[in-house]
Amino acid sequence: MSEIPKAYEPQSVEDKWYAFWQQHDCFKADPARVTERRPAYSIVIPPPNVTGVLTLGHVLNNTIQDILARKARMEGKEVLWLPGTDHAGIATQTVVERTLKKQGAIKHRDDLGREKFLEKVWEWKEKHGGIIIQQLKKIGASCDWSRERFTMDPEYSRCVQHVFVDLYRKGLIYRGKRMVNWCPASLTALSDEEVVMQEQKGSLYYFKVEVVEEPGTWLTIATTRPETIPADTAVAVNPKDPRYARLIGKHVRRALPIENQAHLPIVADDHIDPEFGTGVLKVTPAHDRADFDIGLRHQLPVIDVLNANGTMNDLAGKDLAGLDRFAARKKAAEILEAHGTLEKAEPYANNVGFSERAGVPIEPRLSEQWFLKYPATQSSQSCVAQGSLRFHPDRWAKVYDHWMAGIQDWCISRQLWWGHRIPVWTLEKGSDRRAGFDAKFAAQLGGTSPGATTTAHRFSFSGGSGAESWVRFNADNGSIHAATLSAAEEAKLVELGFVQDPDVLDTWFSSWLWPFATMGWVGESAKDNHNATLKAFYPTADLVTGPDIIFFWVARMIMAGYEFMGEMPFRNVYFTGIIRDKQGRKMSKSLGNSPDPLDLVSKYGADALRFGVMRSAPLGQDVIYDELNVELGRNFCNKLWNACRFRQMQGGDVQAEIRPDLLTNDDRWILLRLDQALREIERAYEAYRFSEVTQTLYRFFWSEYCDWYVEASKAAFFGEDTAIRANKLAVIDFVLSHTLRLFHPFLPFITEELWHGLGYAADMPAQQGGLTLMTAPWPQPLNEDEKLEWGLEESVDQVANAKIELVGLGRNLRALSNVPANKKVRFVIRPSGDLPDAELATLRLLLNADPLERATPDWKPEKGTAMVSNNLADLYLPLAGLIDTAAERSRLGKELEKVDAEIAKVQEKLANPNFTQKVPAKVLQEHQQRLLDWQTKKQQILGALANLPE
RNA sequence: GCGCGCUUAGCUCAGUGGUAGAGCACUUCCUUCACACGGAAGGGGCCGCAGGUUCGAACCCUGCAGCGCGCACCA
């Protein structure tokens with residue numbers, strides 16, 4: 001740092017240090033180093049999508065993790081920050097398929113077939129995957145990259161399969177025919193969590209149907225979905241509704257399709273709200289969850305009129321068949337209209353479930369899927385409720401609790417190719433090979449029909465040792481399922497005519513294992529018990545994530561942790577805010593309101609981005625993003641840079657011993673302020689209040705250290721006393737070396753550069769800051785001995801504050817007198833007590849006074865000399881004629897009013913016996929002191945007023 | 001519909017019972033030998049509204065309003 005540039009230039013610094021840290025394995029975690037004195041600290045990264053790109057949300061999230069990791073390292077912990085990515089089943093498959101279509105390579109993925117298509121996805125992953133990892137490195141993330149994991153890694157996939165088979169064996173995973181959320185765009189089932197309700201503006205159609213048994217009697221029905229009329233199998237009314245009671249049990253003629261107007265029963269069901277619409281509901285069991293339940297209660301047939309892709313099938317009738325569901329809706333209304341059975345259509349807004357990913361309305365659809373009954377729900381719910389696993393901010397605990405209390409089985413199968421293939425082989429009832437299978441194995445399996453057993457039966461078809469399958473019977477359809485991890489079993493099952501399930505598992509079914517699957521867990525206790533990484537680093541300390549995935553991921557990880565590790569996966573969860581733009585909208589690609597973090601890095605520097613984002617991210621609140629904050633971060637880095645540059649320009653020994661006997665009041669003051677800042681920062685960290693940490697750092701460094709202490713020190717640096725000068729350098733080194741360490745978790749690059757540039761690294765042992773600031777000891781508040789030795793008492797603050805106040809008053813006087821800021825003027829000072837020459841020199845510098853004369857005892861200001869005073873001194877600016885008398889008089893007048901008001905307020909309180917008798921002694925004393933202070937102030941103002949010219 | 005959160009200076013936000021704060025923005029002065037990505041001085045607030053508790057309320061309680069977010073099968 002011999003030739004320091006005037007402004008900080010991040011580009012030349014960042015890559016250099018990141019490479020250095022990696023070269024020296026600074027991010028690597030070694031479980032062998034963990035001891036009682038060197039505890040482990042671990043975080044697992046929320047895995048971003050492997051083909052994703054960095055967003056501001058990632059910056060916020062990962063900067064917080066980096067801050068936690070870096071601070072823990074400096075505290076002497078063995079830190080593992082475990083990185084990786086997930087395979088994002090639907091998103092990735094959709095992107096690849098769309099791209100191939102665009103290229104004209106295929107019309108549909110079937111053109112390629114499963115294997116060839118998956119090859120293409122892997123190619124895509126190799127090409128685009130890992131971009132986000134490189135981006136994380138750019139912002140300084142100190143992850144142990146040697147342990148990077150991907151949810152589709154062979155070992156990880158093995159964990160997923162293992163967990164599936166384990167839960168299947170336990171009877172928690174079952175095959176069932178249910179109403180699921182079907183995405184007509186992605187052509188797969190979704191879990192409830194992947195469906196978001198959105199208000200949609202549409203119409204409520206009122207149409208009428210005739211009662212078969214009473215020609216001429218018509219019932220009017222309200223519906224938002226007339227296109228599903230062909231799928232109606234009943235109409236329902238509330239049994240208590242007098243309007244329709246006599247019609248229950250009779251029939252109506254279904255309106256559509258025209259060529260097939262079937263007779264539908266009128267049934268009575270409590271679900272119907274007589275107040276809504278006409279009180280008559282069309283029952284469509286195939287296309288509505290509630291209707292499906294009504295259908296079950298009344299044994300209604302199910303007619304499915306929709307294809308998987310959302311178009312109408314032949315059962316919808318010739319008018320609608322082939323049409324998209326939305327076109328069919330219009331068409332159906334038109335047909336009703338044409339036949340005179342549409343009474344009206346009124347504008348109507350209702351909530352419709354949308355596929356979170358594809359953005360299209362989902363279809364409730366009856367289909368066979370794999371479901372999971374969540375494991376370990378009790379311990380998972382109670383650990384948060386009782387606070388042994390803590391959420392920050394804790395209000396999320398309530399949201400979590402509510403969800404856990406009403407938890408529904410999880411639909412885990414997806415009709416996709418990209419993902420973990422379900423390790424189940426099925427032999428259907430009535431298939432070619434079934435009879436042969438039954439004949440051969442029924443006896444050994446204790447029966448091969450539904451009802452024989454629904455619990456999993458352990459069996460080895462291949463006969464190999466350790467090769468086992470878990471066999472269960474599907475009560476719904478009589479097929480036989482065999483789940484296995486064994487290749488030998490798989491081969492044998494195929495030979496027996498079993499067919500592997502074509503579906504893959506929900507991506508979250510792999511992510512929920514993240515905290516231990518990434519640490520090499522295999523699910524065999526013999527091996528897991530000897531896994532040093534797991535032993536040292538599980539459970540992890542903190543999880544940092546967004547509240548939007550609390551159910552998707554956080555809750556499920558907790559359950560998986562208890563189920564497979566017997567312990568919670570993390571002790572604290574920090575929920576970040578959501579980053580929004582200035583209009584409060586979420587950042588999104590489609591809105592184009594999401595800046596590229598790397599652009600910001602090249603424009604302002606990584607540290608600036610980190611600081612800016614952290615500074616504007618209060619705990620528990622969404623973050624309104626404004627580039628100004630990043631600019632502020634850059635400015636701050638520049639300030640830090642220049643403050644260090646100033647230190648370097650003073651030369652002298654680095655980190656000399658501080659001599660207590662030479663400390664000035666300013667020195668003691670800044671040491672006290674540092675101590676105060678250290679304490680505040682520690683408290684803020686404990687409460688995960690990161691923006692408060694940045695604010696304290698900012699205030700201490702900029703307002704206290706630079707604006708006051710450094711400026712005041714210049715008197716000594718330009719002065720003659722070399723001993724004082726050297727001692728001030730020692731104080732500065734003490735403060736700066738602490739400051740750089742404090743800043744390092746937020747600003748890793750610039751602090752490392754300055755740490756070395758100022759020579760602070762040179763004196764330290766290699767592992768304690770000598771090699772890198774990353775491992776320098778975390779600053780501790782001063783202890784009582786140090787404070788005593790350095791004379792850091794309360795009076796130090798009082799003197800400093802009086803000086804600050806006097807300088808402020810004096811500068812204000814200059815401004816009012818229209819003295820340009822750069823012009824030196826004569827001041828006269830009359831101190832009220834002792835005022836050493838050194839202090840006088842400081843005041844002279846800060847007031848830009850020349851000369852600053854001590855008033856002799858008999859000196860009297862000329863009439864008209866402007867003056868200010870406080871406890872420290874009276875200060876005169878003898879510039880008769882220059883001062884704007886009227887302005888000064890008016891200012892002092894306003895000041896006086898304010899002081900009088902304050903005096904009145906305090907006096908009123910003190911005069912109130914209720915107050916004086918009830919209030920604690922300390923508060924009473926404070927008020928009495930305040931009254932004295934204001935009264936003194938008033939005298940000072942009156943003095944200044946009296947001094948003004950006529 | 002139920003639940004949660006927010007409402008303080010023009011903007012973004014601190015402030016959990018005792019003198020209303022910060023940063024940015026704004027006005028004025030200053031390119032003074034760390035920094036104009038800077039320095040100095042200054043203006044600006046019935047703390048969403050209405051009640052209550054208290055000697056004392058931005059803070060505690062109740063109600064209301066506006067905004068945001070969860071959860072919920074009203075067709």
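Residue numbering restarts at 1 for every chain, and letters A, B, ... go by the order of the sequence lines.
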Under 4.0 Å, heavy atoms only, any strand: does [X] hit a base, just the sugar-phosphate, or nothing?
X	value
A/Asn351	base
A/Lys282	nothing
A/Cys637	nothing

Given [N], is OP1 or OP2 found less than 4.0 Å from the side-chain N or O atoms of [X]?
X	N	value
A/Tyr348	B/A75	yes
A/Asn822	B/U31	yes
A/Lys639	B/C35	no
A/Asn914	B/G56	no

[atom1] atom, [N] versus [M]: distance in rounded Å?
N	M	atom1	answer
B/G68	B/C29	C1'	44 Å
B/A25	B/G45	C1'	16 Å
B/U8	B/C13	P	10 Å
B/G39	B/A34	C1'	12 Å
B/G18	B/C60	C1'	15 Å
B/U16	B/U53	P	25 Å

Passes side chain to side chain contact (heavy atoms under 4.5 Å, CB included), A/Phe743 versus A/Leu754? Steps please. CA-CA 11 Å; A/Phe743 279 129; A/Leu754 290 168; over 6 Å; no
Counting side-chain heavy atoms from C-beta on, which of B/G39, B/C37, B/A75 comes nearest to A/Leu281?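 Nearest to the side-chain atoms of A/Leu281, counting from C-beta on, is B/A75.
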If you check the A/Asn638 side chain, which of B/A40, B/C74, B/C35 turns out closest?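 Looking only at heavy atoms from C-beta outward on A/Asn638, the closest nucleotide is B/C35.
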If a protein heavy atom is under 4.0 Å from the base, mark B; if only from the sugar-phosphate, S; if neither, -; do that for nucleotides 16-24 of chain B going 5' to 3'. --BBS--SS
Hey, which of A/Arg254, A/Arg225, A/Lys282 is the one that makes salt bridge (Lys or Arg N to Asp or Glu O under 4.0 Å) with A/Asp232?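 One option only clears the test, and that one is A/Lys282.
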For the pair A/Arg610 (side chain) and A/Phe746 (backbone), establish whether a donor and an acceptor sit closer than 3.5 Å, ignoring hydrogens and angles.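 Yes, the answer is positive, given that a donor and an acceptor are paired below the 3.5 Å cut-off.
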